[in-house]
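One structure is given here, and the rest of the page talks about it.
Whatever order the structure lists them in is the order used to number ligands and atoms, beginning at 1. Keep in mind the model is a prediction, meaning the values are calculated, not measured. Sequential numbering from 1 along the given sequence is applied to the chain's residues.
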Amino acid sequence: MATSASDKIYKIINARLLIDHKIVENSYLWFQNGKIIHPQNLFFNEMRDADEIIDAKGLLVVPGFIDTQINGAYGIDFADYEEPEEVLKANIDKVAKGLLKYGCTAFCPTVVSSDAAVYSKVLPLLNRRKGSAKGGAEILGAHVEGPFISEQKKGAHKPQVLRTAKNGIKDFDEAYGPELKKGSEAVSIITLAPEIEGVCDAIPDLVARGITVSMGHSSCRIADAEKAVTKGANDITHLFNAMPAFHHRDPGLIGILGAADLPIPEKSNRHPSPSQTSPDRTKPDPRPFYGIICDGVHVHPNSVRIAYYSHPSGAVLVTDTLSAMGLPKGEYVLGGCEIEVDEKGGAYLKGTRTLAGSTVTIDECIRNFQKFTNCPLVEALEAATLHPARLLGIDKQKGTLNVGGDADLVFLDDSTGEIQVKRVFVAGEEVEL
Ligand code: ZN
């Protein structure tokens with residue numbers, strides 16, 4: 001019987017696979033219709049073999065990288081809303097496509113604090129959608145940073161749009177508009193500051209909609225952070241950035257990494273796996289995940305190392321790129337500022353050495369994380385695959401090579417000790433790099 005193109009069965013051979021926290025040598029992987037499959041049923045029930053063999057030639061095959069925080073790239077910012085909808089859509093596609101060559105097969109487009117008019121225009125365009133080789137990396141729903149954040153720690157966010165949540169979830173619905181009712185289909189992560197009035201009380205309602213609650217842009221005390229975690233927050237946004245420095249008497253948001261007495265979730269696919277530093281090594285870790293920018297600039301390598309050794313299974317690598325990422329050397333006007341991009345891809349305010357946001361790529365973050373922490377390669381890879389998938393509660397579909405998961409795959413050359421992206425598949429389709 002002829003096989004239709006969509007039904008085609010692929011078999012990867014001569015691969016080294018990242019499976020169950022280990023690299024399995026000389027292995028193979030089967031996929032069909034964009035999903036990883038178990039070959040046994042094919043042999044015994046359908047008497048079928050693979051239609052196409054993909055020779056990995058000894059490369060390391062790992063799940064596609066997931067970036068939960070990216071504001072834009074290629075001159076595009078996801079919070080820009082003034083262009084016609086067709087232009088905005090084309091811009092999103094351009095970024096989604098551009099990310100694939102770094103091995104990023106799924107991402108949360110991130111929107112800075114904005115007013116209701118901006119959200120009502122941009123959020124419907126950032127709804128969850130499948131990835132493809134032609135269409136680009138999968139969109140996992142938007143990550144909205146603010147507007148329920150601290151003015152003291154606003155970073156580049158506009159102070160006039162920041163607000164409180166006296167009326168709890170009602171204020172969230174008012175701020176983001178009807179898209180928030182769709183839950184994680186539309187909004188996958190909200191970054192909020194636990195100390196802002198009414199915010200903690202709204203967390204259970206947000207979690208009930210499947211939304212991941214991340215603490216950030218905050219000067220909260222440790223007690224506020226613990227309260228937010230108890231209510232369902234399971235992430236910290238760009239750890240160390242936009243929060244007070246660590247203070248030993250009240251360690252604030254950073255101090256939650258040292259928490260030993262938070263309620264331990266019995267079962268949760270949205271908490272870090274147990275590690276050697278977990279309070280109970282047999283249960284998911286009650287401490288939140290933490291996004292960390294590993295460009296070597298936004299966070300000092302020593303700080304990355306301290307975070308990793310205190311809570312290894314909580315690390316989530318994020319690029320937090322701004323629109324200058326991916327642009328060739330030259331001068332640009334981005335978000336009203338004159339920017340110079342140098343030959344290394346670094347973006348600076350014109351005539352200065354002031355960074356105009358991060359321009360790091362997710363594969364570079366993995367290399368840096370491994371270098372800074374001296375962790376095993378598997379752990380560096382999991383910080384960009386399994387950990388973000390668990391954070392979002394999508395680890396059945398993404399972040400592992402388990403049967404039934406999406407065939408988002410990155411082939412890596414690690415022969416020099418540093419990973420290099422060689423081939424990328426998204427939803428079972430090979431991407432032209
Ligand atoms: Zn931020």
Side-chain angles (χ1 to χ4, degrees), residues 66-73 76-80 95 107-115 118-119 122-123 126 140-163 172 175-176 187-196 199 206 211-220 225 228 233-245 252-254 256 288-300 303-304 307 315-325 334-335 337 347 349 354-360 362 365 388 391-392:
I66 301 168
D67 189 353
T68 56
Q69 186 159 16
I70 162 164
N71 292 280
I76 293 152
D77 186 316
F78 295 122
D80 279 349
V95 178
F107 70 110
C108 300
T110 305
V111 180
V112 290
S113 297
S114 301
D115 57 33
V118 177
Y119 291 128
V122 302
L123 292 183
L126 302 175
L140 297 167
H143 175 171
V144 287
E145 266 195 289
F148 300 93
I149 57 171
S150 161
E151 193 169 342
Q152 293 165 321
K153 292 292 164 195
K154 63 182 173 5
H157 294 233
K158 285 188 201 146
Q160 64 271 26
V161 299
L162 305 187
R163 51 179 298 173
F172 280 78
Y176 302 116
V187 175
S188 74
I189 305 176
I190 294 183
T191 290
L192 48 72
E195 75 275 26
I196 300 297
V199 157
L206 297 169
I211 296 166
T212 294
V213 173
S214 188
M215 301 169 286
H217 286 274
S218 162
S219 354
C220 74
N234 68 337
D235 189 30
I236 302 174
T237 296
H238 45 53
L239 183 71
F240 300 119
N241 294 112
M243 60 190 68
L253 198 43
I254 296 169
I256 202 88
F289 286 99
Y290 54 91
I292 195 157
I293 309 170
C294 275
D295 61 352
V297 179
H298 282 76
V299 182
H300 192 279
S303 308
V304 174
V316 173
L317 304 182
V318 296
T319 61
D320 197 21
T321 54
L322 293 191
S323 55
M325 182 271 199
L334 299 174
C337 298
L349 297 181
T354 305
L355 281 166
S358 151
T359 54
V360 73
I362 193 78
C365 289
L391 163 67
L392 299 175

Quiz item: Under 4.5 Å between any side-chain heavy atoms of I190 and F148, yes or no?
Solution: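 When only atoms from C-beta onward are counted, F148 and I190 do not touch, as no gap falls below 4.5 Å.
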Practice problem: Quick one: list whatever passes ring-ring contact (aromatic ring centres under 6.0 Å, His included) with H143, sequence neighbours left out. | Solution: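 ring-ring contact (aromatic ring centres under 6.0 Å, His included) list for H143, sorted by chain: empty.
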Self-check item: Partner residues of F78 under the ring-ring contact (aromatic ring centres under 6.0 Å, His included) criterion, sequence neighbours left out
Solution: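 F78 satisfies ring-ring contact (aromatic ring centres under 6.0 Å, His included) with no other residue.
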Quiz item: Taking atom types as modelled, is there a side-chain donor on D77 or S323 under 3.5 Å from an acceptor on the other?
Solution: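 D77 vs S323: no donor-acceptor pair found between side chains.
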Self-check item: Short side-chain donor-acceptor distance under 3.5 Å, D67 and T319
Solution: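 The answer is yes; a qualifying pair exists.
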Quiz item: K154: what forms a side chain to side chain contact (heavy atoms under 4.5 Å, CB included) with it, not counting sequence neighbours?
Solution: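 K154 satisfies side chain to side chain contact (heavy atoms under 4.5 Å, CB included) with E151, H157, P159, L162 only.
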Exercise. Tell me how many protein N, O or S atoms are closer than 2.8 Å to the Zn ion (ligand 1).
Key: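 My tally for this metal is 3.
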